[in-house]
Amino acid sequence: MKTIHLFRTFFLISILTLSSCSSSKSQPPENSVSITENPDYLTAINIVTPKAGEQQKIVDLLDKGMKDYMSKVPGFINATVHKSQDNAYVAVYAQWKDQDALNAAVVHIQAGNAPPMMQVFTEASPDFHPYQVIASIPAAGSNDEVSIRENVNYLTAINIVTPKSGEQDKIVGLLREGMLNSMRNVAGFRNATIHKSLDNEYVAVYAQWDSQDALNKAVEFIQAGNAPAMLDVFTNAQADFHPYEIISVTKAQ
């Protein structure tokens with residue numbers, strides 16, 4: 001049934017607990033990166049699966065690799081490292097000037113110039129896809145720029161949605177409609193960004209909520225039929241939801 005499937009997927013992201021930090025408005029704080037619609041640069045989302053018991057090791061390697069090595073590579077814009085609360089995954093949200101810059105970064109790593117990054121890709125299982133940012137949606141009435149910040153008191157979810165063949169644009173449209181017309185008006189919604197993979201196979205959603213209670217109420221809102229576009233997404237595409245804690249934010253040096 002639609003409601004059962006929806007509850008199960010959203011339940012996965014409702015268990016997140018984060019340390020607290022006051023939010024800011026207008027200009028994002030120093031320890032943050034902005035997500036804007038249709039930027040000139042390339043967005044890469046990499047879901048890394050560490051070996052059992054090695055999540056923290058991979059987190060530390062990625063944090064060091066980004067701060068000490070990748071931040072100095074030409075074309076690097078920013079990156080954030082996320083740690084899933086089920087201890088099974090690490091996510092990296094990175095932005096590059098263009099595809100050539102990303103390709104050069106890969107060569108840089110393969111040449112042995114960023115040892116922590118090479119170690120990650122040889123000791124864990126990465127699932128990497130390049131994306132275009134399609135929509136950047138703050139809560140209704142908010143002037144805040146959508147951003148990823150360290151240590152905020154939000155529930156954060158990275159959702160990778162796999163549409164049926166040829167239906168990527170359909171799912172993107174449903175998500176945009178659902179977020180703009182329904183979810184952004186729900187109390188406790190902070191922001192969401194929708195990403196379209198360049199291989200036409202995936203859609204990614206990065207969403208933040210005030211609290212677990214706010215997220216639970218959002219689930220009830222959808223199940224009550226108040227956001228039909230969102231319900232259509234979860235019944236017409238395969239969604240993989242995991243809760244994450246934001247570990248670090250790195251900007252280009």
Side-chain angles (χ1 to χ4, degrees), residues 2-3 5-10 12-13 33-47 77-78 80 82 89 91-99 102 127-140 142 144-148 154-186 189-209 215 218-219 221-223 225-244:
K2 292 183 179 180
T3 55
H5 176 71
L6 184 65
F7 175 78
R8 286 176 178 171
T9 54
F10 268 91
L12 288 174
I13 61 174
V33 296
S34 300
I35 308 177
T36 57
E37 286 186 35
N38 300 316
D40 293 331
Y41 44 77
L42 181 74
T43 298
I45 300 176
N46 198 335
I47 306 299
I77 305 297
N78 56 57
T80 56
H82 306 70
Y89 304 96
V92 180
Y93 186 104
Q95 295 175 318
W96 296 85
K97 181 180 178 181
D98 51 33
Q99 183 68 56
L102 179 57
D127 184 19
F128 162 84
H129 300 281
Y131 289 84
Q132 174 188 13
V133 180
I134 298 298
S136 182
I137 304 164
S142 172
D144 284 359
E145 188 174 67
V146 175
S147 62
I148 303 176
Y154 300 159
L155 297 179
T156 302
I158 301 174
N159 312 326
I160 306 299
V161 181
T162 305
K164 297 176 183 177
S165 180
E167 294 192 355
Q168 186 192 46
D169 285 336
K170 173 184 175 181
I171 296 301
V172 167
L174 287 170
L175 283 166
R176 185 197 291 270
E177 177 186 347
M179 291 294 181
L180 285 172
N181 296 338
S182 302
M183 305 313 296
R184 71 180 305 189
N185 298 306
V186 176
F189 174 88
R190 279 288 176 175
N191 57 61
T193 52
I194 301 169
H195 309 69
K196 177 181 177 180
S197 72
L198 301 186
D199 60 9
N200 300 317
E201 293 187 7
Y202 304 97
V203 179
V205 181
Y206 187 102
Q208 297 180 316
W209 296 84
L215 183 57
V219 172
F221 182 81
I222 296 173
Q223 290 178 335
N226 296 314
M230 299 301 293
L231 192 57
D232 282 346
V233 169
F234 296 115
T235 55
N236 289 291
Q238 180 182 352
D240 187 18
F241 296 81
H242 298 283
Y244 289 87

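Partners of Lys196 by salt bridge (Lys or Arg N to Asp or Glu O under 4.0 Å), not counting sequence neighbours, listed by chain and number: Asp169. Take Asn78 and apply the side chain to side chain donor-acceptor pair (under 3.5 Å) test, not counting sequence neighbours, and it matches Gln95. Under the rule for a side chain to side chain contact (heavy atoms under 4.5 Å, CB included), the partners of Asn181 that lie at least two apart in sequence or sit in another chain are Glu177. For Gln238, there are no side chain to side chain donor-acceptor pair (under 3.5 Å) partners two or more places apart in sequence or in a different chain. Applying the side chain to side chain donor-acceptor pair (under 3.5 Å) rule to Tyr206 yields the partners His82; only residues at least two apart in sequence or on another chain are considered. Not a single ring pair (Phe, Tyr, Trp, His ring centres under 6.0 Å) links Phe221 to another residue, sequence neighbours left out.
Asp144 has its side chain out of reach of Asn191: every pair of non-hydrogen atoms, C-beta onward, lies at least 4.5 Å apart. Residues Trp209 and Phe189 form a side-chain contact, since some pair of their non-hydrogen atoms from C-beta on lies under 4.5 Å apart. With contacts defined as side-chain heavy-atom distances shorter than 4.5 Å, the pair Val219/Ile222 does not qualify.
For Thr235 (side chain) and Asp232 (main-chain N/O), a donor-acceptor pair under 3.5 Å exists by modelled atom type. Looking at Gln168, its side chain does come within 3.5 Å of a backbone N or O of Ser197 through a donor-acceptor pair.
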Donor-acceptor pairs under 3.5 Å, side chain of residues 128-138 to any protein atom, not counting sequence neighbours: which ones?
unit_1 : atom_1 : unit_2 : atom_2 : d
His129 : ND1    : Asp199 : OD2    : 3.4
His129 : NE2    : Asp127 : OD1    : 3.0
Gln132 : NE2    : Asn38  : OD1    : 3.1
Ser136 : OG     : Ile35  : O      : 2.7

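Of the inter-residue distances, the one linking Glu167 atom CD with Glu201 atom CD reads 14.0 Å to the nearest 0.5 angstrom.
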